[in-house]
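Scroll down for the structure; my scribbles are underneath it.
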Amino acid sequence: MISEARVSALRARMAAEQVPALAVTDPANVTYLTGFDGVFDEEPAHIALVTERATTLYTDNRYAEASSAASEGTGWEVRAAWPDLVSAACADLARDCIGRLALEDTASRRYFDSVESAFEGEVVAARGWVESLRAVKESAEVERIVHAQALTDAAFEHVLGTIRPGLTEREVALELEFHMRRHGSDGVAFPPIVASGPNSALPHARVTDRVIGHGELLKMDFGARVEGYCADMTRTVVVGKASERQREIYEAVRSANAAGIGAVRGGAKGREIDAAARSVLSDAGLGELFTHGLGHGVGLQVHELPNAGPRSEDVVSTGSVITIEPGVYVAGFGGVRIEDLVVVEEAGARVLTRSPKDLIEI
Ligand SMILES: [Mn+2]
């Protein structure tokens, strides 16, 4: 049922683009379009081929049994076509006299070349056709994200009771991950970021064996995953008593987070939401230190559409799930980021993140 609605929406796009066949190869897009739960992983080992009349999944032997079971009662036909999925799909297209094929532009150049040589017709690139459908969530998708965020909040509450000077970043990251997975997270949405002291000034710091010191900022960015769907949150705490400068930066970022959330409404542009938060930091003299976009969509992938960065013309629609994550990063000193996950509603944001935002001193 779910897959049928998604396929119909995609066919409307194909008709508008005058493309009679689309080869979907991105694994998250294949998952979304087929609606098969728990079958696919990150490996690009499938072609979900959509034509005006048929939906066929070409897959390899490793996924054939699970795909066939998942396809029961759906409109999808599963064909195990290892080792040459491309030839099998192109032969079927030739049989149906289809002379124009769109291939997702996220496929590699090498893959594109292999399709071009196997297909007797014109191959064109499709950009973001499935991704733009994924940007607006169905209620069942939102429920999974809500569940993933609840596991993420619970891990934060748990880890607060364990953090103390002398632990390493790695130990805190493991504690977060262990708690989420023990309580039902399928792996993690992404490797947790735990960055202490000067490391917290790196927006996407890698976890290290650095020992956390007294009086340092500690930034934690992490998320659980439930039935394929991600959560994403960041909190920054002070391990000890906050200095005046730490508190000043923290409160500015917190105000920017509130302004960003306040600017969310169905139909707003990504750059407008970004601007609302960015102007708070600019007014505080910290605008130059906010060196990334305010937010991004979250779903089957932790970074997806719509984008809420300073140049984003994306329309943030009712039903999208996005992050609001302003940050200020001072090289050598440290950084603060506060990230919430929100559902976009017509009149505003519904915040899914439950963890407190008052400055926590441990
Ligand atoms: Mn994020």
Testing the basics here: between [X] and [Y], what is the closest heavy-atom pair and its distance to 0.1 Å?
X: V239; Y: L218; result: CG2-CB, 4.0 Å
X: V207; Y: P192; result: CG2-O, 3.2 Å
X: R181; Y: G187; result: CG-O, 3.6 Å
X: A224; Y: M180; result: N-SD, 3.5 Å
X: A155; Y: H179; result: CA-ND1, 3.5 Å
X: P198; Y: G332; result: CB-O, 4.0 Å

Partner residues of D113 under the salt bridge (Lys or Arg N to Asp or Glu O under 4.0 Å) criterion, sequence neighbours left out: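 Result, salt bridge (Lys or Arg N to Asp or Glu O under 4.0 Å) vs D113: R109.
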ILVMFWY network linking [X] to [Y], side-chain heavy atoms under 4.5 angstrom:
X: V298; Y: I273; result: no
X: I338; Y: L202; result: no
X: L281; Y: L359; result: yes
X: M233; Y: F190; result: no

Y250 meets the ring pair (Phe, Tyr, Trp, His ring centres under 6.0 Å) criterion, sequence neighbours left out, with none
key: ring pair (Phe, Tyr, Trp, His ring centres under 6.0 Å) involving H147 - partner list, sequence neighbours excluded   =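 For H147, no residue satisfies ring pair (Phe, Tyr, Trp, His ring centres under 6.0 Å) once neighbours in sequence are set aside.
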Could you give the distance from [atom1] ([X]) to [atom2] ([Y]), rounded to the nearest 0.5 Å?
X: T353; Y: R235; atom1: OG1; atom2: CZ; answer: 6.0 Å
X: K219; Y: I193; atom1: NZ; atom2: CD1; answer: 6.0 Å
X: F36; Y: T31; atom1: CZ; atom2: OG1; answer: 10.0 Å
X: T51; Y: L49; atom1: OG1; atom2: CG; answer: 6.0 Å
X: L160; Y: F156; atom1: CG; atom2: CZ; answer: 4.0 Å
X: E104; Y: R127; atom1: CD; atom2: CZ; answer: 12.0 Å

Legend entry - Polar side chain donor-acceptor pair, T56 to W76, under 3.5 angstrom: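 No, W76 and T56 have no side-chain donor paired with an acceptor closer than 3.5 Å.
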Review item, side-chain donor-acceptor pairs of residues 89-96, under 3.5 Å, at least two apart:
unit_1, atom_1, unit_2, atom_2, d
D92, OD1, R79, NH1, 3.0
D92, OD2, Y58, OH, 2.6
D92, OD2, R79, NH1, 2.4

Under a 4.0 Å N-O cut-off, is there an ion pair linking [X] with [Y]?
X: R170; Y: E177; answer: no
X: R354; Y: D153; answer: no
X: R337; Y: D221; answer: yes

With no hydrogens and no angle check, is any side-chain donor or acceptor of [X] less than 3.5 Å from a backbone partner on [Y]?
X: R100; Y: A21; answer: no
X: S117; Y: S114; answer: yes
X: S200; Y: G335; answer: yes
X: E171; Y: T168; answer: yes
X: D41; Y: E43; answer: yes
X: E169; Y: S196; answer: yes
X: T59; Y: A80; answer: no
X: E216; Y: G213; answer: yes
X: S3; Y: L33; answer: yes
X: R271; Y: E313; answer: no

Does the pair D358 and R254 meet the rule for a salt bridge (Lys or Arg N to Asp or Glu O under 4.0 Å), with working shown?
CA-CA 8 Å; D358 288 338; R254 186 181 169 174; 2.6 Å; yes
If you look only at distance, which donor and acceptor atoms sit under 3.5 Å apart when one is on a side chain in residues 284-294 and the other is two or more places apart or in another chain?
unit_1, atom_1, unit_2, atom_2, d
H292, NE2, Y329, OH, 2.6

message = Test side-chain contact (heavy atoms from CB on, under 4.5 Å) on V344 and V321; report intermediate values, then the result.
response = CA-CA 6 Å; V344 181; V321 175; over 6 Å; no
_Pairwise side-chain hydrogen bond (donor to acceptor under 3.5 Å, both in side chains) hits with a residue in residues 7-21, at least two apart_ =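 Of all non-adjacent pairs touching residues 7-21, those that pass side-chain hydrogen bond (donor to acceptor under 3.5 Å, both in side chains) are R13-E17.
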Residues which pass side chain to side chain donor-acceptor pair (under 3.5 Å) with [X], listed by chain and number, not counting sequence neighbours:
X: E248; result: R245
X: E251; result: none
X: R182; result: none
X: D283; result: none

| said: Between E304 and K137, does the salt bridge (Lys or Arg N to Asp or Glu O under 4.0 Å) criterion hold? Intermediate values first, please. | reply: CA-CA 12 Å; E304 56 180 53; K137 269 67 184 176; 2.6 Å; yes
Exercise. For the pair R225 and D186, evaluate salt bridge (Lys or Arg N to Asp or Glu O under 4.0 Å) and give the outcome as yes or no after the intermediate values.
Key: CA-CA 5 Å; R225 185 186 284 255; D186 305 325; over 6 Å; no
Residues 64-73, side-chain donor-acceptor partners within the protein, below 3.5 Å, at least two apart:
unit_1, atom_1, unit_2, atom_2, d
S67, OG, Y63, O, 2.7
S68, OG, A64, O, 3.0
S71, OG, S68, O, 2.8

Are more than 12 heavy atoms from other residues, nucleotides or ligands located less than 6.0 Å from atom CD of E138?
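Yes, enclosed.
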Restricting to pairs with a member in residues 18-28, which pass salt bridge (Lys or Arg N to Asp or Glu O under 4.0 Å), not counting sequence neighbours?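 Those involving residues 18-28 are D26-R134.
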| query | Does the side-chain contact (heavy atoms from CB on, under 4.5 Å) test come out yes or no for E325 and D232, once each step is laid out? | reply | CA-CA 10 Å; E325 50 178 309; D232 189 6; 4.2 Å; yes
| message | Apply side-chain contact (heavy atoms from CB on, under 4.5 Å) to residues I145 and E143 and explain how you reach the verdict. | response | CA-CA 5 Å; I145 295 170; E143 275 170 34; over 6 Å; no
task: Apply the test salt bridge (Lys or Arg N to Asp or Glu O under 4.0 Å) to residues E346 and R265: give CA-CA distance (whole Å), side-chain angles for both, the deciding distance (0.1 Å), then the verdict.
output: CA-CA 5 Å; E346 203 177 323; R265 58 186 53 78; over 6 Å; no
Steps toward side-chain contact (heavy atoms from CB on, under 4.5 Å) verdict (I324, V264): CA-CA 9 Å; I324 300 293; V264 171; 3.9 Å; yes
